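This one's a predicted model, so the numbers in the text were calculated from it and none came from an experiment.
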Amino acid sequence: MTARRTVDRAADTTADTTAARTPTRVGYGELLRTPGAWTFLAPALVARLPYAMLSMGILLLVTQTHGSYGTAGTVTAVAAVAQALIGPQTGRLADRYGQSAVLVPTVLVHGASVGALIALALGHAPAWSLFLAAVPAGASVPQIGAMVRARWIARFTADGPSDASAARVSTAFAFESVTDEFTFVIGPILASGIAALANPAAALVAEAALTVAGGLAFAAQRRTAPARIVQQPGTKRTSALASPGVRLLAGTFLGVGAVFGGMQVSVNAFADSVGQHAAGGTVYGIFAGGSMLAGVLYGVIAWRRPVQQRMLISYALLVLGCSTLWAMPNLVALTVAGLVCGLAIAPTLISGYTLVETLVADGAKTEAFTWLTGAIGLGLAVGSMAAGKLIDGHGPSTGFLVPLIGAGLGLVTLFSLRHLLVAPSAGRGRIVATSGAASASASGAASGERGDAAQLVGAAKG
């Protein structure tokens, strides 16, 4: 009898261990049935769609009015640099004062700034004036993606850490990356289509209108917003960039941004060179579509491999895909190569956003997400500018060297410093969350536990 009980206990222990090792699976259907989710997801989609339209619209407008890919790429780069530098600051303000308080003035400034840029370009103003106008236009791009991710975290960790909440956050991040890629599929096609049917200025007018309308509608959804973070007396608020892991991820996301920027300019230039200008947005959209497809698949797999390893593998595949772009002889071959290259984008981004969420405390999460988004924008700026210069001097195919070089440098950096991507086990500052919204009270009550919860979430995602 004693021996049988021992065997039974051993069997139970084995079953428990197996269950513990089995990842919790959360489907997209369950995620989207989360109460209140669609109240912020719908306006967020409207507000995020113009993100990909802005750079494409600027590129098309300035190329038409000033006749230079170099100038157009530089104006696009200036807007992206401004977004990369100012975006994290607006994210930090959103953590402190609330999302609505930051969003409303931001989108209004954006609409006015884009209007000024359009007027200057159509008036054939000097290039330096376009650079000046591009600064507020880029700096005022609302950080909707980061704010949506912060809302998912607040929703799923309000009741404390668990395997289920970890799985929901992981699926939510996959869904958000798919949404990002969807905007990159539709945005360039929409901007190119409007430019072809009307003119590039109309494409930027549509971008500004969608940003203002979607941003204001999203800001109005206060009930789903995360709790405003207020520090306890005697504690010091630190930037998310103080984390070495966040700095590493931001650096590697620069490489991803260089892929976006180099592809945008180079694909349009290549399409122009073969007499099919209108096809540029479609080719770039298919590139982004490959990423969207990979993101959908990524989100439905219950991963066993640690997320750090997944990011290294996907980044290596990105470099491999970029290595073929410069040699493509025609648009059909380029479209296929772009699709294959895009398959590695979303898994890399999902892994990075998953990791960064575990590296910072609650009071800096929105800021941390915006540093990654800003790094993509900065990489896009450098990539588009470098590709434009190469294209002006050496032809359209040379522009595709920029994605390869940018991704290659990012992979070397990631591999060399991968030990920085381990979440800290202690030392997080305690915070108190307050909010006027009734739905945020549970989030405030749980805020003291979220530092540990984030670590459990990150561990469970692997």
Side-chain angles (χ1 to χ4, degrees), residues 42-43 45-69 71-73 75-76 79-80 107 110-125 130 133-134 137-138 141 179-215 217 260-261 263-290 292 330-332 334-335 338-339 342 380 384 387-388 391 396:
L45 178 60
V46 175
R48 292 162 81 171
L49 183 62
Y51 184 91
M53 294 179 64
L54 179 63
S55 56
M56 181 67 79
I58 292 175
L59 182 66
L60 294 173
L61 177 63
V62 178
T63 300
Q64 181 190 71
T65 58
H66 288 68
S68 169
Y69 279 104
T71 301
V75 176
T76 303
V107 297
H110 184 75
S113 301
V114 172
L117 179 59
I118 294 171
L120 289 170
L122 292 178
H124 299 281
L130 300 182
V141 171
T179 303
D180 288 338
E181 296 308 322
F182 176 77
T183 65
F184 274 98
V185 172
I186 300 300
I189 296 176
L190 184 58
S192 298
I194 294 174
L197 293 174
N199 54 66
L204 280 179
V205 170
E207 183 276 335
L210 288 171
T211 298
V212 173
F260 284 130
M263 285 288 288
Q264 253 184 23
V265 178
S266 301
V267 165
N268 278 283
F270 192 93
D272 272 349
S273 71
V274 296
Q276 299 185 48
H277 176 75
T282 301
V283 174
Y284 186 82
I286 290 173
F287 156 74
M292 184 172 67
N330 53 57
L331 269 181
V332 174
L334 179 61
T335 301
L339 174 64
L380 188 152
S384 62
I391 291 166

Check your understanding: If you look at every heavy atom in Ala72 and Thr63, which pair is closest and at what distance?
Key -> CB-OG1, 3.2 Å
Check your understanding: Which atom pair, heavy atoms only, marks the closest approach of Ser266 to Pro396?
Key -> CB-O, 4.3 Å
Check your understanding: Between Ala134 and Val75, what is the shortest heavy-atom contact and its length?
Key -> CB-O, 3.7 Å
Exercise for review: Nearest 0.5 Å please: distance from the OG atom of Ser273 over to the CG atom of Leu331.
Suggested key: 7.5 Å
Practice item. Give a yes or no on whether the backbone of Ala125 and the side-chain of His66 come within a donor-acceptor separation of less than 3.5 Å. Key: yes
**Study point:** Thr211 side chain near Met53 side chain, heavy-atom distance below 4.5 Å
**Key:** no
**Study point:** Closest non-hydrogen atom pair between Ala133 and Leu120, with its separation
**Key:** CB-CD1, 3.7 Å
Review point. Any idea which heavy atoms bring Ala137 and His110 closest together, and the distance?
Key: O-ND1, 3.0 Å
Exercise for review: Mind jotting down which residue pairs meet the salt bridge (Lys or Arg N to Asp or Glu O under 4.0 Å) criterion with at least one end in residues 46-56? Sequence neighbours excluded, please.
Suggested key: Arg48-Glu176, Arg48-Asp180
Review point. Distance from Met56 atom CE to Leu61 atom CG, nearest 0.5 Å?
Key: 13.5 Å
Point to revise | Point-to-point distance, once rounded to the nearest 0.5 Å, from CG of Asn199 to OG1 of Thr65 | key: 11.0 Å
Check your understanding: Below 4.5 Å, heavy atoms only, C-beta onward: do Leu60 and Leu204 meet side chain to side chain?
Key -> no
Point to revise | Pairs touching residues 114-124 that satisfy side chain to side chain donor-acceptor pair (under 3.5 Å), sequence neighbours left out | key: none
Point to revise | Side-chain heavy atoms of Val114 within contact of Leu54, under 4.5 Å | key: yes
Check your understanding: Heavy-atom distance under 4.5 Å between the side chains of Leu334 and Phe270, does that happen here?
Key -> yes
Point to revise | Gap separating the CD atom of Glu207 from the CD1 atom of Ile58, nearest 0.5 angstrom | key: 7.5 Å
Point to revise | Which atom of Val265 lies closest to which atom of Ala387, heavy atoms considered | key: CB-CB, 4.2 Å
Point to revise | Rounded distance [0.5 Å steps], CG in Asn330 versus OG1 in Thr335 | key: 8.5 Å
